[in-house]
Amino acid sequence: MEETKELIQQRCDKLNEIREFGVNPYPHHYEPTHTTSVIHRDFADVQETPAETQRIRIAGRIMTKRDHGKSSFAHLQDSDGRIQIYVRRDKVGAEPYLIYRRFDIGDIIGVEGVVFRTRTGELTVLADVVQLLSKSLRPLPEKWHGLQDKQTRYRQRYADLIMNPEVKNVFIKRTQIVQAIRDMLNARSFIEVETPVLQPIYGGASARPFTTYHHTLEQSLYLRIANELYLKRLIVGGFERVYEFSRDFRNEGMDRNHNPEFTMLELYQAYADYLQIMELTETLIAHTVERVHGTMKIPYQAHEIDFTPPWCRLTMVDAVREFSGIDTLSLSADELYTEAVNAGIGLAGDESKGEITAELFDAFVEPKLIQPTFITDYPIEVSPFAKKKPDNPEFVERFEFFISGMEVGNAFSELNDPVDQRQRFIEQANRLERGDEEAFMVDEDYLRALEYGMPPTGGLGIGIDRLTMLLTNQHSIRDVILFPQMRPES
RNA sequence: GAGCCGUUAGCUCAGCAGGUAGAGCAUCUGACUUUUAAUCAGGUGGUCACAGGUUCGAUCCCUGUACGGCUCACCA
């Protein structure tokens with residue numbers, strides 16, 4: 001901040017000079033009649049002669065300024081574009097022009113005038129009145145290269161958005177994606193609900209939580225790692241189709257696929273199983289892609305992703321066999337352990353067959369799944385809330401889907417047998433005691449809810465940040481989160 | 001958590017067998033009423049991320065620290 005002292009001081013001086021003209025540099029309101037994009041659209045046919053019959057007012061930020069003695073050109077930027085303005089001393093008056101000369105790049109101004117086209121063919125607002133709406137004291141980055149430094153762009157997203165308007169499009173798309181999903185779920189009679197972020201017992205996923213403390217209650221609370229168990233309580237209560245866009249918090253590493261807080265869509269549908277949820281997933285994503293892009297095939301990094309249903313379906317065991325050559329079913333636990341270690345998987349030695357299978361999957365299969373793919377039938381050990389397969393209790397009715405080597409969603413036929421669920425909780429509690437920081441505690445209230453009886457239910461979670469990355473062709477989660485988590489500056 | 005790379009003017013970047021720094025844009029002064037990377041003339045602006053070390057001398061070499069980027073490992 002101290003380095004820019006001189007430049008800021010110069011602007012403060014101008015600010016005072018403007019005040020000495022009797023002008024309020026921070027007025028309370030302005031009423032634009034047009035945005036820049038509307039001008040470009042409505043005045044596309046205007047020629048060099050100004051369209052005198054139609055006066056317009058626009059408001060925006062000065063992005064360039066070219067002074068020519070008694071006249072000046074500048075570009076204004078507003079929410080949806082830029083337009084050039086032309087300010088002449090003989091049009092605005094001598095004193096207003098003196099004030100205008102004290103405007104800087106970055107100032108927000110209002111301009112009233114008529115639209116014409118310059119000799120070089122650029123649509124331009126010929127100003128009668130220019131009015132300062134907000135004085136900028138801090139210089140913007142340079143016009144030519146803009147703001148490149150990623151650190152500054154993430155820390156000062158406001159400056160990033162000013163200088164790199166295409167960044168705004170990513171976040172507009174993010175909103176459209178959420179809106180498309182919401183519209184479709186609403187159309188299918190899902191109810192959007194809100195459940196606690198502060199939870200006395202965290203659960204519904206395997207992750208280290210953030211812990212906080214409530215002084216009045218004198219108790220520790222956890223920021224939710226998932227909202228799964230609350231939504232299923234609502235299914236018990238008789239909401240048969242619920243969903244929530246849930247900000248979840250996980251106290252784990254950060255990289256281009258992980259931010260400590262992230263957004264997950266979770267939905268639950270009574271009387272559905274995971275196969276129906278699979279169809280819903282395909283439809284939901286495909287319709288969202290089509291609504292946002294107008295096509296089902298979109299580029300992501302080096303690939304073209306085709307979201308057209310039906311997507312490829314593969315059981316986890318088949319996928320591991322296909323990609324690693326290891327047939328997990330035919331091996332004993334000891335043999336599988338040896339095979340996995342030989343294949344370069346780091347194991348502690350106390351893993352079960354199911355856990356080793358999941359490790360093999362992560363190592364050999366996940367990075368290869370570029371086109372949308374459902375992986376089904378997970379080992380029970382890694383799926384504490386999913387219903388067992390009727391014909392094989394070592395596996396559960398669960399799927400995850402992968403795109404571009406990234407896990408995007410997770411779903412299962414929800415476990416609604418309270419006795420079975422209690423056993424699974426006890427297993428997790430044992431892991432917690434053994435030091436597994438991602439295991440969780442027994443949630444007695446959730447078990448009580450299940451004891452009242454939960455209908456057969458299918459549930460789904462979709463990582464909204466990752467889906468947005470895919471649909472906006474962004475490489476890092478930080479590029480789809482407006483204010484990504486950063487270490488404190490110096 | 002590990003490896004590699006980066007941090008120089010407001011921004012984007014040069015630079016240097018080690019001899020305390022440059023460009024463009026921005027900014028300031030002057031000229032200029034259809035420019036658009038406006039143009040022309042002249043200026044201001046830097047603890048070269050921070051702290052140590054080596055050296056007569058460090059922006060440059062060495063060590064450490066901070067922040068960031070990329071890759072890998074774990075997790076959504």
Side-chain angles (χ1 to χ4, degrees), chain A residues 1-11 13-14 48 50 63-75 82-92 97 104-106 116-122 124 126 136-156 159 163 204-208 225-226 246 248-266 344-346 358-359 362-363 366-367 382 400-402 406-410 437-438 461-467 469 475-478 484 486-490:
Chain A
M1 190 186 283
E2 286 143 36
E3 315 82 65
T4 61
K5 208 173 64 182
E6 186 181 337
L7 293 167
I8 288 180
Q9 186 55 51
Q10 285 169 351
R11 288 175 176 231
D13 293 344
K14 290 183 192 172
E48 290 193 19
M63 297 305 289
T64 65
K65 195 162 178 262
R66 295 174 292 282
D67 290 333
H68 293 254
K70 299 180 188 65
S71 75
S72 172
F73 288 93
H75 277 102
R82 283 190 183 190
I83 195 155
Q84 180 167 261
I85 63 167
Y86 182 36
V87 181
R88 296 168 53 131
R89 196 173 72 167
D90 62 359
K91 282 280 180 187
V92 299
Y97 193 73
D104 287 301
I105 289 172
F116 77 111
R117 201 171 286 276
T118 62
R119 265 178 218 156
T120 49
E122 179 162 353
T124 301
L126 176 60
S136 163
L137 297 182
R138 185 173 290 273
L140 285 173
E142 173 228 339
K143 64 186 171 192
W144 194 242
H145 300 89
L147 181 60
Q148 304 283 341
D149 183 68
K150 285 202 170 184
Q151 185 167 179
T152 310
R153 291 180 53 201
Y154 294 144
R155 289 188 194 280
Q156 303 182 34
M163 296 310 297
S206 300
R208 258 178 78 181
I225 59 172
S246 170
D248 294 342
F249 305 84
R250 298 188 185 176
N251 205 340
E252 292 172 344
M254 296 159 56
D255 62 25
R256 70 182 189 83
N257 286 321
H258 300 266
N259 194 65
E261 54 183 298
F262 64 103
T263 303
M264 176 108 90
L265 166 71
E266 288 201 36
I345 309 291
E359 293 282 342
D362 289 346
E366 180 167 344
V382 297
E400 294 187 327
F401 66 99
F402 298 83
M406 229 174 7
E407 183 193 335
V408 182
N410 181 21
E437 287 181 318
E438 291 181 351
I462 296 176
I464 295 298
D465 311 276
R466 289 183 179 181
L467 183 63
M469 285 168 65
H475 185 62
S476 167
I477 197 169
R478 292 188 153 182
M486 301 287 279
R487 287 193 166 82
E489 290 179 74
S490 64

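Letters A, B, ... are given to chains in the order of the sequence lines, protein chains preceding strands, and every chain is numbered from 1.
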Under 4.0 Å from OP1 or OP2 of [N]: is there any side-chain N or O of [X] that close?
X	N	result
A:R117	B:rU34	no
A:K14	B:rC28	yes
A:R487	B:rC67	yes
A:K143	B:rC11	no

Considering every strand and a 4.0 Å limit on heavy-atom distances, what is the contact class for [X]: base, sugar-phosphate, or nothing?
X	answer
A:Q84	base
A:D67	base
A:E122	base

Can you name the residues that form a salt bridge (charged side-chain N to carboxylate O under 4.0 Å, His left out) with [X], not counting sequence neighbours?
X	result
A:D362	none
A:K14	A:D104
A:E400	A:R398
A:R153	A:D160

Review item, nucleotides 48-51 of chain B N/O atoms under 3.5 Å of protein N/O:
none

Atom [atom1] of [X] and atom [atom2] of [N]: how far apart are they, to the nearest Å?
X	N	atom1	atom2	result
A:D149	B:rC11	CG	P	8 Å
A:I8	B:rU27	CD1	P	14 Å
A:D13	B:rU44	CG	P	19 Å
A:M63	B:rA37	CE	C1'	14 Å
A:D248	B:rA76	CG	P	12 Å
A:E142	B:rG24	CD	P	12 Å
A:D90	B:rU33	CG	P	10 Å
A:R119	B:rA38	CZ	C1'	14 Å

### Those residues that, when tested against A:H68, pass ring-ring contact (aromatic ring centres under 6.0 Å, His included) (two or more places apart)
A:F73

### Message
Which residues pass the ring-ring contact (aromatic ring centres under 6.0 Å, His included) test with A:F249, not counting sequence neighbours?
### Response
none

### Task
Hey, could you give me each pair passing salt bridge (Lys or Arg N to Asp or Glu O under 4.0 Å) that has a residue in residues 249-265 of chain A? Not counting sequence neighbours.
A:R247-A:E261

With 3.5 Å as the limit, what N/O pairs link the protein to nucleotides 69-72 of chain B?
| from | atom 1 | to | atom 2 | distance (Å) |
| --- | --- | --- | --- | --- |
| B:rG69 | OP1 | A:R478 | NH1 | 2.5 |
| B:rG69 | OP2 | A:R478 | NH1 | 3.3 |
| B:rU71 | OP1 | A:H475 | NE2 | 3.2 |

## Note on the structure
Listed range with range, the stems formed with RNA chain B by at least 3 consecutive Watson-Crick or G-U pairs (under 3.5 Å) are B:1-7 with B:66-72, B:10-13 with B:22-25, B:27-31 with B:39-43, B:49-53 with B:61-65

### All side chain to side chain donor-acceptor pair (under 3.5 Å) counterparts of A:T124, not counting sequence neighbours
A:Q84

### Task
Kindly write out the residues that satisfy side chain to side chain donor-acceptor pair (under 3.5 Å) with A:R466, not counting sequence neighbours, or none if the list is empty.
A:H258

### Task
May I ask you to verify whether the side chain of A:R89 and the base of B:rU33 hold a donor-acceptor pair under 3.5 Å?
no

